[in-house]
Novice: 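Just dropping this structure here.
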Amino acid sequence: ILGALSNVSATIAATITTSNGVGTIQNDDFPILVELNGDNNLIITDQLPGGADFTTIFKRSGTDLVISDANVKVETHIGTQVSDNEVRIAFADFTGQRIIIDAGDGDDLITVDFSGNDPIPANGILFNGQGQTNGDALALSGGTVTTVTHTFTNANGTVDIDGSLVAYTGLEPIADNLIATNRIFT
């Protein structure tokens with residue numbers, strides 16, 4: 001059996017405690033991992049088998065992107081780990097200027113919050129809903145814009161907010177709570 005496992009490697013974040021010589025492992029994973037890919041884009045990945053249920057908010061604060069989730073831990077090795085549930089990353093730190101969200105199998109809600117100004121980088125956001133039980137959702141909130149254009153086919157499409165683009169796959173509901181002069185559906 002050992003020979004069959006010789007090509008297997010894994011990284012596990014865990015705390016090991018002992019009681020009377022018996023060890024137990026307590027999971028200390030951060031379900032949401034924020035990192036850079038080879039193109040220097042920001043990648044947000046669900047690390048849990050079976051998927052975590054995200055309620056993640058993306059918001060601009062000055063020259064930083066703030067990523068937070070009140071229910072699920074968020075981890076990054078770039079930028080600043082503010083708390084278990086919040087990270088801050090300077091837009092200059094991901095020069096690919098795109099956010100790619102691979103949401104995994106959970107029921108996820110991604111909120112793009114415009115209350116601190118436009119949080120969408122130059123090359124947009126791609127939200128891959130992937131598998132889910134009840135559905136993945138996108139919410140747009142917190143701002144006043146001129147034009148929001150929704151283009152969709154079934155669960156795939158784009159939302160253009162004054163030239164800032166959010167593309168998505170595998171999504172069900174979209175809550176567009178922005179104050180817009182023009183709202184277009186195609």
Side-chain angles (χ1 to χ4, degrees), residues 29-60 65-79 85-87 89 91 93-115 118-143 145 147-178 180 182-186:
D29 286 343
F30 280 73
I32 301 173
L33 178 62
V34 180
E35 58 190 347
L36 295 175
N37 70 4
D39 294 327
N40 213 28
N41 291 309
L42 202 60
I43 305 295
I44 291 85
T45 307
D46 181 351
Q47 301 186 98
L48 292 183
D53 293 338
F54 295 0
T55 54
T56 306
I57 299 171
F58 293 84
K59 183 177 181 176
R60 178 183 286 273
L65 175 67
V66 177
I67 303 170
S68 62
D69 194 308
N71 302 315
V72 177
K73 292 180 180 180
V74 181
E75 178 183 30
T76 190
H77 301 290
I78 60 171
N85 301 87
E86 182 177 308
V87 299
I89 299 163
F91 280 94
D93 288 347
F94 58 103
T95 57
Q97 288 297 302
R98 187 166 203 200
I99 299 170
I100 301 170
I101 304 162
D102 291 324
D105 291 336
D107 295 324
D108 306 307
L109 169 61
I110 301 298
T111 300
V112 181
D113 182 346
F114 284 75
S115 64
D118 184 350
I120 301 172
N123 292 322
I125 295 175
L126 172 59
F127 179 12
N128 295 313
Q130 299 178 340
Q132 63 269 333
T133 302
N134 296 313
D136 292 322
L138 172 66
L140 306 170
S141 67
V145 299
T147 302
V148 179
T149 303
H150 293 266
T151 305
F152 52 91
T153 303
N154 298 320
N156 305 320
T158 60
V159 183
D160 182 322
I161 306 106
D162 287 342
S164 293
L165 193 65
V166 177
Y168 57 87
T169 62
L171 234 60
E172 284 72 39
I174 297 175
D176 178 352
N177 298 314
L178 296 170
N182 304 300
R183 192 166 272 112
I184 301 167
F185 297 90
T186 61

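For this chain, numbers begin at 1 and follow the sequence in order. What's counted below: heavy atoms across the whole structure, side chains too, no hydrogens, waters or symmetry copies.
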Novice: Test of understanding: with side chain to side chain donor-acceptor pair (under 3.5 Å), list the residues that count as partners of S164, not counting sequence neighbours.
Specialist: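 Counting only residues at least two positions away or on another chain, S164 forms a side chain to side chain donor-acceptor pair (under 3.5 Å) with D118.
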
Novice: Would you give the length of the straight line joining atom CD of E75 to atom OG1 of T45, rounded to the nearest 0.5 angstrom?
Specialist: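 E75 CD to T45 OG1: 11.5 Å, rounded to 0.5 Å.
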
Novice: Starting at CD1 of I120, measure out to CZ of F91 and round the result to the nearest 0.5 Å.
Specialist: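 I120 CD1 to F91 CZ: 9.0 Å, rounded to 0.5 Å.
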
Novice: Using every non-hydrogen atom in the two residues, find where D53 and D107 come nearest and quote the distance to one decimal.
Specialist: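 Of all heavy-atom pairs spanning D53 and D107, the closest is OD1-N, 2.7 Å.
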
Novice: I would like to know whether T56 and D69 meet side chain to side chain donor-acceptor pair (under 3.5 Å); could you show each step before the answer?
Specialist: CA-CA 4 Å; T56 306; D69 194 308; 2.7 Å; yes

Novice: Does the side chain to side chain contact (heavy atoms under 4.5 Å, CB included) test come out yes or no for L42 and I67, once each step is laid out?
Specialist: CA-CA 11 Å; L42 202 60; I67 303 170; 4.1 Å; yes

Novice: At their closest point, which heavy atom of D108 faces which heavy atom of F54, and how far apart are they?
Specialist: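 Nearest pair, atom of D108 first, then F54: OD1-N, 2.8 Å.
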
Novice: Determine, step by step, whether D113 and T111 satisfy the side chain to side chain donor-acceptor pair (under 3.5 Å) criterion, reporting the C-alpha distance in whole Å, the side-chain angles of both residues, the deciding distance to 0.1 Å, and the verdict.
Specialist: CA-CA 6 Å; D113 182 346; T111 300; over 6 Å; no

Novice: Which heavy atom in A103 sits nearest to a heavy atom in D46, and how many Å separate them?
Specialist: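 Taking A103 first and D46 second, the nearest heavy atoms are O-OD2, 3.1 Å.
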
Novice: Quick one: does T149's side chain get under 4.5 Å of T151's, heavy atoms only?
Specialist: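 Yes, their side chains come closer than 4.5 Å.
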
Novice: Kindly assign one of parallel, tilted or perpendicular to the pair F152 and F185, based on the angle between their ring planes and the thresholds 30° and 60°.
Specialist: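 Rings of F152 and F185: perpendicular, as their planes differ by over 60°.
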
Novice: Quick one: pull up NZ in K73 and CD in Q47 and give me the separation to the nearest 0.5 Å.
Specialist: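 So the NZ of K73 and the CD of Q47 are separated by 12.0 Å.
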
Novice: Quick one, I101 and N128 - any side-chain contact, counting heavy atoms below 4.5 Å?
Specialist: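 They are not in side-chain contact.
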
Novice: Decide side chain to side chain contact (heavy atoms under 4.5 Å, CB included) for L36 and D93; before the verdict, give the C-alpha distance in whole Å, the side-chain angles of both, and the deciding distance to 0.1 Å.
Specialist: CA-CA 9 Å; L36 295 175; D93 288 347; 5.9 Å; no

Novice: Quick one: CD1 on I125 to CD1 on I110, what's the gap to the nearest 0.5 Å?
Specialist: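 Interatomic distance, I125 CD1 to I110 CD1, rounded to 0.5 Å: 9.0 Å.
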
Novice: If we only count heavy atoms from C-beta on, is the H77 to L33 side-chain gap below 4.5 Å?
Specialist: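 The answer is yes; the side chains approach within 4.5 Å.
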
Novice: How would you list, by chain and number, every residue that makes a side chain to side chain donor-acceptor pair (under 3.5 Å) with N41, sequence neighbours excluded?
Specialist: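 Applying side chain to side chain donor-acceptor pair (under 3.5 Å) to N41 gives none.
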
Novice: Among residues at least two apart in sequence or on other chains, which ones pass side chain to side chain donor-acceptor pair (under 3.5 Å) with T95?
Specialist: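 N40.
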
Novice: Between L138 and V159, which heavy-atom pair has the shortest distance, and what is it?
Specialist: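 It is CD2-CG2, 4.4 Å.
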
Novice: What do you reckon, is CG of N154 surrounded by more than 12 foreign heavy atoms closer than 6.0 Å?
Specialist: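 Open.
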
Novice: Using side-chain heavy atoms (C-beta onward) and a distance below 4.5 Å, is P119 in contact with L65?
Specialist: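 Yes - at least one pair of side-chain heavy atoms lies under 4.5 Å apart.
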
Novice: Any side-chain heavy atom of I174 sitting closer than 4.5 Å to one from Y168?
Specialist: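 In contact.
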
Novice: Nearest 0.5 Å please: distance from the CG atom of D176 over to the NE2 atom of H150.
Specialist: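 Here the interatomic distance stands at 3.5 Å.
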
Novice: Identify the two heavy atoms, one from N85 and one from A70, that lie closest to each other, and give their separation to 0.1 Å.
Specialist: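 In this case the closest contact between N85 and A70 is ND2-O, 3.9 Å.
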
Novice: Examine distances only and state if a side-chain atom of N182 and a backbone atom of V148 form a donor-acceptor pair shorter than 3.5 Å.
Specialist: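 Here the side-chain-to-backbone pair does not exist.
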
Novice: How many angstroms lie between OG1 in T169 and CG in L126, if you round to the nearest 0.5 Å?
Specialist: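 The distance works out to 6.0 Å.
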
Novice: Could you check whether any side-chain heavy atom of I44 comes within less than 4.5 Å of a side-chain heavy atom of D102, counting everything from C-beta outward?
Specialist: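 Not in contact.
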
Novice: Which pair of heavy atoms, one from L178 and one from G142, lies closest together, and at what distance?
Specialist: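 Heavy atoms only, the tightest pair is CD2-N, 4.3 Å.
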
